[in-house]
Amino acid sequence: MIYAVTAVSGQLGREIALKLIGRFGTDNVIGLARTPARVEGLGIDVRLGDYDKPNDLRASLKGIDALILVSGIAPPEDRIQQHRNVIEAAKSAGVRKIVYTSIQGPIEGTAFSPVVQSNRQTEADIRASGLDWAIGRNGIYIEPDVEYIDSYRTQGEIANSAGSGKCGYTTRSELAHAYTALLARDDLNGETFNLNGTPITQNQLAEHLNAAFETELTYRAMSSADFVADRSAELGDFFGPIIGGIYDGISRGSYDRIGSFETVTGRPHQSWGDYFASLAE
């Protein structure tokens with residue numbers, strides 16, 4: 001079996017590639033990237049994988065048995081066709097199975113909902129493709145909160161619009177473990193799985209960060225409008241509302257899910273106590 005994963009120049013794609021290599025070896029794993037020359041240190045064949053170039057995709061997927069399609073980052077209106085390009089290229093190239101990294105979230109009512117809708121459309125396209133398939137829906141990455149620790153420390157608080165809502169966060173490493181399992185396990189074909197850890201509140205997140213980084217953070221709830229304005233000032237008018245929409249979803253309970261991580265991998269998702277303890281080491 002020859003396995004491939006797209007977007008190996010990105011953080012999730014690279015993490016998945018490393019997990020695949022660890023399980024199947026370098027000779028059995030192929031990477032795809034928009035610019036292969038920029039991908040270093042994987043030790044595998046990295047082929048052209050621009051989602052906007054169907055001919056390159058078809059050529060790069062020749063000889064691949066099973067593929068992990070990492071969701072793109074283009075605006076929702078462009079992302080659907082990009083993903084269709086990959087699906088059609090996989091069919092033309094003789095790929096047998098496709099695994100898709102989708103997302104959790106509300107399909108309507110937030111500024112993040114159009115992104116969720118585009119992912120749901122790709123899920124539908126994969127189900128209708130005639131290929132074997134499995135779909136994971138990612139929880140929210142917890143790494144950005146860890147990477148933001150210096151700003152949190154300066155501010156002395158975590159402030160957003162999640163309120164008392166719980167969020168089933170996850171990590172890229174745990175997701176990579178799950179997607180490797182979804183690719184390898186044909187008994188999970190034809191199913192969709194929520195991939196996340198134990199849901200926690202923002203107050204609990206602050207406690208974990210305090211334990212790991214010896215901070216004294218508190219949580220302050222903001223209105224949705226104020227948080228969008230805050231994020232837009234730092235991230236711009238495209239990403240600011242999207243981030244705000246994610247936290248509106250947390251407030252609404254859209255990410256408060258037990259998840260199916262253990263069903264997919266055979267073990268529980270890493271606990272948040274263990275994860276944050278590893279950061280303090």
Side-chain angles (χ1 to χ4, degrees), residues 1-34 36 39 42-51 53-72 79 82-103 119 121-138 172-195 260-267:
M1 293 285 289
I2 303 297
Y3 304 95
V5 55
T6 69
V8 294
S9 57
Q11 290 176 294
L12 179 59
R14 183 180 181 86
E15 194 70 33
I16 293 171
L18 290 169
K19 287 290 195 301
L20 291 174
I21 292 165
R23 181 161 181 173
F24 303 113
T26 56
D27 292 341
N28 297 313
V29 179
I30 302 295
L32 274 69
R34 183 187 298 270
V39 180
L42 288 179
I44 60 173
D45 181 14
V46 180
R47 303 175 182 176
L48 289 168
D50 188 327
Y51 293 176
K53 297 181 178 179
N55 291 336
D56 288 346
L57 289 167
R58 281 192 290 272
S60 295
L61 290 173
K62 288 289 185 183
I64 302 302
D65 295 298
L67 170 70
I68 296 179
L69 168 56
V70 177
S71 181
R79 192 181 308 192
Q82 288 182 337
H83 292 165
R84 284 174 175 165
N85 290 342
V86 179
I87 296 165
E88 290 304 313
K91 292 172 62 177
S92 297
V95 174
R96 178 179 63 81
K97 176 177 176 177
I98 189 165
V99 173
Y100 179 50
T101 73
S102 189
I103 55 174
N119 277 266
Q121 181 58 59
T122 295
E123 292 179 15
D125 291 340
I126 288 172
R127 293 187 184 103
S129 69
L131 301 175
D132 289 335
W133 59 268
I135 293 168
R137 291 179 177 171
N138 301 348
R172 294 184 183 94
S173 178
E174 288 290 76
L175 287 175
H177 183 69
Y179 283 113
T180 297
L182 284 177
L183 197 66
R185 291 183 58 181
D186 286 341
D187 61 310
L188 299 179
N189 289 357
E191 298 188 57
T192 301
F193 302 93
N194 288 318
L195 302 175
S260 305
F261 190 91
E262 186 168 5
T263 299
V264 171
T265 66
R267 66 161 174 81

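Treat the numbers as computed from the prediction; the structure is a model and nothing was measured. Any value given below was found using the heavy atoms of this structure, including those in side chains, with hydrogens, waters and symmetry copies removed.
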Side-chain donor-acceptor pairs of residues 61-72 under 3.5 Å, sequence neighbours excluded:
residue: Asp65; atom: OD2; partner: Ile2; partner atom: N; Å: 2.7
residue: Ser71; atom: OG; partner: Tyr100; partner atom: OH; Å: 3.4
residue: Ser71; atom: OG; partner: Asn119; partner atom: OD1; Å: 3.3

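Val264 and Ala178 make their closest contact through CG1-O, 3.5 Å (heavy atoms, listed as atom of the first residue, atom of the second, distance). Heavy-atom minimum distance, Lys19 versus Ala176: CG-CB, 3.5 Å.
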Open item on the list: I'd like to know whether Thr192 forms a side-chain hydrogen bond (donor to acceptor under 3.5 Å, both in side chains) with Arg127, so could you lay out the CA-CA distance, the side-chain angles of the two residues, the decisive distance to 0.1 Å, and finally the verdict.
Closed with: CA-CA 10 Å; Thr192 301; Arg127 293 187 184 103; 3.0 Å; yes
- [ ] Determine, step by step, whether Thr122 and Ile135 satisfy the side chain to side chain contact (heavy atoms under 4.5 Å, CB included) criterion, reporting the C-alpha distance in whole Å, the side-chain angles of both residues, the deciding distance to 0.1 Å, and the verdict.
- [x] CA-CA 10 Å; Thr122 295; Ile135 293 168; over 6 Å; no
Open item on the list: Please determine whether side chain to side chain contact (heavy atoms under 4.5 Å, CB included) holds for the pair Ile87 and Ile98, giving the CA-CA distance in whole Å, both sets of side-chain angles, and the decisive distance to 0.1 Å.
Closed with: CA-CA 8 Å; Ile87 296 165; Ile98 189 165; 4.1 Å; yes
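Residue pairs meeting the side-chain hydrogen bond (donor to acceptor under 3.5 Å, both in side chains) criterion with at least one member in residues 20-29: none, sequence neighbours excluded. Residue pairs meeting the salt bridge (Lys or Arg N to Asp or Glu O under 4.0 Å) criterion with at least one member in residues 173-189, sequence neighbours excluded, are Arg96-Asp186, Lys97-Asp186, Glu174-Arg267, Arg185-Asp187.
Other residues, nucleotides and ligands contribute at most 12 non-hydrogen atoms within 6.0 Å of the CD atom of Gln11.
Contact of the Leu42 side chain with the Leu18 side chain is registered, since non-hydrogen atoms from C-beta on lie closer than 4.5 Å. Residues Asn138 and Leu12 are in side-chain contact: their nearest non-hydrogen atoms beyond the backbone lie under 4.5 Å apart. Counting heavy atoms from C-beta on, the side chains of Ser9 and Arg34 never come closer than 4.5 Å.
Looking at Asn85, its side chain does come within 3.5 Å of a backbone N or O of Tyr51 through a donor-acceptor pair.
Using a 3.5 Å distance cut-off with no hydrogens or angles, the side chains of Thr180 and Tyr3 do not pair a donor with an acceptor.
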